[in-house]
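What you see below is based on every heavy atom in this structure, not just the backbone, and it leaves out hydrogens, waters and symmetry mates.
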Amino acid sequence: MAKFHSNFFLFFLLISTISKTTLSDDDNQTVKTFIFLVNSESKPSIFPTHYHWYSSEFADPLQILHTYDTVFHGFSASVTPSHASVLRQNPSILTVLEDRRRQLHTTRSPQFLGLRNQRGLWSESDYGSDVIIGLFDTGVWPERRSFSDVNLGPVPTRWKGVCETGVKFSGKNCNKKLIGARYFIKGHEAAARSAGPIGGGINETVEFKSPRDADGHGTHTASTAAGRHAFRASMAGYAAGIAKGVAPKARLAVYKVCWKNSGCFDSDILAAFDAAVSDGVDVISISIGGGDGISSPYYLDPIAIGSYGAASRGIFVSSSAGNDGPNLMSVTNLAPWIVTVGAGTIDRNFPADVVIGSGRRLSGVSLYSGFPLNGKMYPLVYPGKSGMLSASLCMENSLDPAMVKGKIVICDRGSSARVAKGVVVKKAGGVGMILANGISNGEGLVGDAHLIPACAVGSDEGDAVKAYVSNTANPTATIDFKGTVIGIKPAPVVASFSGRGPNGLNPEILKPDLIAPGVNILAAWTDAVGPTGLDSDSRRTEFNILSGTSMACPHVSGAAALLKSAHPDWSAAAIRSAMMTTANTVNNLNRSMTDEATGKASTPYDFGAGHLNLDRAMDPGLVYDISNIDYINFMCGIGYSANSIQVITRTPVHCPAKRSLPGNLNYPSISALFPTSAKGVTSRAFIRTATNVGPVNTIYRARIEAPKGVTVTIKPPKLVFNEAVKKRSFIVTVTADTRSLMLDDSGAVFGSISWSDGKHVVRSPIIVTQIDPL
């Protein structure tokens with residue numbers, strides 16, 4: 001055997017010598033980059049690593065750009081075409097690909113956030129290595145490539161969690177990537193028992209009593225936050241490319257608190273918070289919120305309580321803003337120690353056109369992947385002409401087969417799942433569906449993996465196609481599916497469904513805090529259900545495309561992992577500040593971001609401080625830090641009793657006789673509230689303290705963009721930092737004449753303050769509004 005290895009080595013040494021000689025003979029050739037896929041089993045044992053093998057036998061070390069050993073084995077190198085041709089003949093080289101410039105076709109949201117391979121925050125944080133993200137959701141499908149632990153180091157020694165076993169989930173389902181998994185069901189089971197025989201419980205024919213994900217939502221959010229690179233990913237051909245999470249090397253701990261078709265119980269959510277804090281997570285991602293549109297005081301809100309318990313121990317908590325937009329005051333998860341995330345679009349879309357008999361094309365979106373209509377025109381019908389609401393909404397059993405058979409059916413959005421409407425049309429014999437938005441949805445569109453040829457259109461296009469049906473004797477239409485399109489402008493756009501401000505509990509605190517990608521996001525999926533989640537959908541796919549603030553939240557969770565890894569000494573509040581003060585307020589046309597629902601300019605009530613930009617958040621210059629006592633003083637300031645505050649803090653507190661103004665919480669935004677009863681010139685003053693995390697000796701100067709009709713002053717207008725002075729406080733005074741204050745349709749006007757040292761820009765939004773005292 002030793003002789004064999006020796007001969008094997010000499011053979012490759014000969015090949016290497018020939019290759020390098022060829023290179024020297026071809027000095028006049030242009031060097032190009034080639035990718036070499038290698039049979040890894042061919043590696044001689046004399047080489048300790050694949051890199052040693054590649055650099056010794058195939059190319060000079062300086063020529064090698066990357067080594068690959070996750071999805072495939074191989075390397076990329078800059079060599080001449082002749083050199084590449086010689087290597088192509090080597091029996092260990094499986095294939096050689098010339099490197100080509102392409103438009104990236106990936107989950108795309110990491111790139112859209114400003115992340116770049118091998119530089120910037122990904123490089124500085126080692127892709128979030130060893131930071132532990134706790135996901136509160138519907139569990140995980142662990143076999144997905146997104147949860148591979150190939151080439152990850154040991155599990156962090158501080159980890160104290162477990163891998164709970166259960167139905168179709170064993171200890172082997174955890175690894176160095178998915179380091180922990182738990183499920184919480186006791187609250188759910190107790191509620192089922194109290195409801196009696198009709199209350200039901202876990203339906204074990206479709207659900208798993210274990211951390212395994214029967215719904216798909218949890219697998220999707222987990223891989224969005226921290227999924228590994230997965231090559232050749234797509235959802236039935238849509239969004240094809242390399243799927244990856246925001247923090248690909250971060251560790252995942254999954255806490256299943258939500259159950260298929262039956263929701264999430266507060267007692268289970270709190271138990272998960274308890275466990276996660278004890279286990280040692282660094283970040284908690286919770287895409288869960290109230291469903292009644294009413295926000296409870298923090299001491300009555302288990303998510304707020306659990307989040308405070310985590311945040312008070314230095315854990316970053318990210319939560320979704322809710323999907324009840326574009327209505328004002330629809331944002332949820334309002335506690336100031338939670339980072340509340342709204343949703344925006346990215347520069348990728350899945351267009352489909354409705355082509356009507358007149359030849360007019362109406363723009364929409366679709367993820368339909370079945371047999372296309374191939375331009376064939378079909379009769380077009382709108383059941384809503386009958387005046388029956390259920391028929392216009394294409395509710396179950398509402399369609400007359402005699403009316404819709406063999407036709408494309410127009411269905412109004414609302415009251416039932418979008419994909420379920422298509423199933424109703426299919427059962428009644430329809431061949432396709434046009435899903436039309438109403439006024440409440442505006443022009444906001446999301447893609448769906450429909451079971452029949454279907455296309456979603458906005459409110460205006462919906463009205464146009466209905467008018468065509470009303471005014472045409474024999475209306476016809478077809479649907480043209482255009483696949484995946486990259487480079488959409490403008491982007492980002494605030495998603496129409498994204499929860500909007502103002503903060504319904506404490507308008508002194510701007511919510512949402514910021515927005516992140518949440519429309520048409522590709523991420524891993526469960527094998528338990530098809531991409532629509534419908535029982536009738538027998539398709540199975542490794543990845544799915546979903547939309548919602550649930551998808552935006554894990555982007556920020558992954559971002560927090562990167563920032564925590566790059567800056568381990570930063571607090572959770574400092575990380576949030578870095579994200580908010582560096583967020584984008586303009587789109588990729590360098591214009592103000594717009595609102596998908598209206599097409600008009602959006603405001604901080606829509607996007608908070610702006611859209612997450614991780615390229616800048618890594619180095620924010622200044623941060624606004626917040627301590628536990630600051631949060632306690634805030635709760636005292638909003639009038640909570642000592643007992644109510646103790647519910648949240650778990651320790652007794654004593655509010656001072658002179659309570660702090662809630663607007664003085666050291667938040668990276670400022671909301672100036674003037675009572676409607678005030679008549680004349682009125683002022684509000686706010687104190688903020690900035691901590692320098694940039695160059696030691698630096699001077700920041702203030703720049704003010706005052707809201708319309710408002711005067712803003714800052715004292716001092718200059719902040720000087722040095723070795724001895726890391727923190728500086730300043731006062732922002734907002735003055736308005738309430739008799740002439742011209743508020744917009746949301747009841748506010750908006751501006752900003754920015755601190756700049758010539759390199760960094762530390763921006764905070766200012767909101768001015770009038771409000772009746774409670």
Side-chain angles (χ1 to χ4, degrees), residues 103-116 121 224 239 246 287 318 320-323 325-326 331 339-351 363 365 441-447 458 484-501 510-523 545-559 579-617 750 752 763 765:
Q103 293 295 324
L104 291 175
H105 294 171
T106 69
T107 54
R108 196 154 185 89
S109 47
Q111 180 195 3
F112 195 66
L113 294 177
L115 294 170
R116 299 293 183 270
L121 185 52
T224 298
V246 177
S287 293
S318 174
S320 48
N323 297 333
V331 61
V339 179
T340 309
V341 188
T345 65
I346 61 175
D347 61 346
R348 180 186 63 198
N349 203 4
F350 311 103
S363 299
V365 299
N441 303 118
E443 304 308 309
L445 298 175
V446 295
T484 304
V485 176
I486 300 294
I488 298 295
K489 294 183 179 181
V493 173
V494 179
S496 61
F497 57 77
S498 186
R500 312 301 173 92
L510 176 64
K511 292 288 182 175
D513 291 305
L514 73 167
I515 63 171
V519 178
N520 295 332
I521 302 302
L522 178 78
I545 295 172
L546 299 181
S547 299
T549 56
S550 284
M551 283 63 254
C553 170
H555 281 89
V556 169
S557 306
M579 293 180 183
M580 290 179 65
T581 60
T582 60
N584 290 335
T585 59
V586 297
N587 56 34
N588 54 6
L589 293 173
N590 203 31
R591 299 171 186 164
S592 296
M593 277 193 291
T594 55
D595 184 341
E596 187 182 45
T598 64
K600 298 178 181 178
S602 51
T603 75
Y605 278 169
D606 307 320
F607 57 66
H611 188 279
L612 181 64
N613 180 352
L614 285 176
D615 192 39
R616 295 178 56 210
F750 306 93
S752 67
R763 183 182 182 278

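Between T585 and R763 the shortest side-chain heavy-atom distance falls below 4.5 Å. P326 places none of its side-chain heavy atoms less than 4.5 Å from the side chain of T598. Residues D513 and V341 fail the side-chain proximity criterion, which asks for heavy atoms closer than 4.5 Å. Contact check for M593 versus P492: side-chain heavy atoms found under the 4.5 Å cut-off. Proximity of L514 to V339: side-chain heavy atoms (C-beta onward) are separated by under 4.5 Å at one or more points. Looking at S547 and I521, their side chains never come closer than 4.5 Å, going by heavy atoms from C-beta outward.
Note: L522 CG to I545 CD1 = 5.5 Å, rounded to the nearest 0.5 Å.
Residue pairs satisfying the salt bridge (Lys or Arg N to Asp or Glu O under 4.0 Å) criterion with at least one member in residues 583-598, sequence neighbours excluded, are listed as follows: R500-D595.
At distances below 3.5 Å, at least one donor-acceptor pair connects side-chain atoms of N613 with backbone N or O atoms of D615.
Between the side chains of N323 and T549, at least one donor N or O sits under 3.5 Å from an acceptor N or O.
With sequence neighbours excluded, no residue forms a side-chain hydrogen bond (donor to acceptor under 3.5 Å, both in side chains) with S287. Legend: residues meeting side-chain hydrogen bond (donor to acceptor under 3.5 Å, both in side chains) with S320, ordered by chain and number and at least two apart, are absent.
N520 pairs with exactly one of L546, N349, L445 by the side-chain contact (heavy atoms from CB on, under 4.5 Å) rule, that one being N349.
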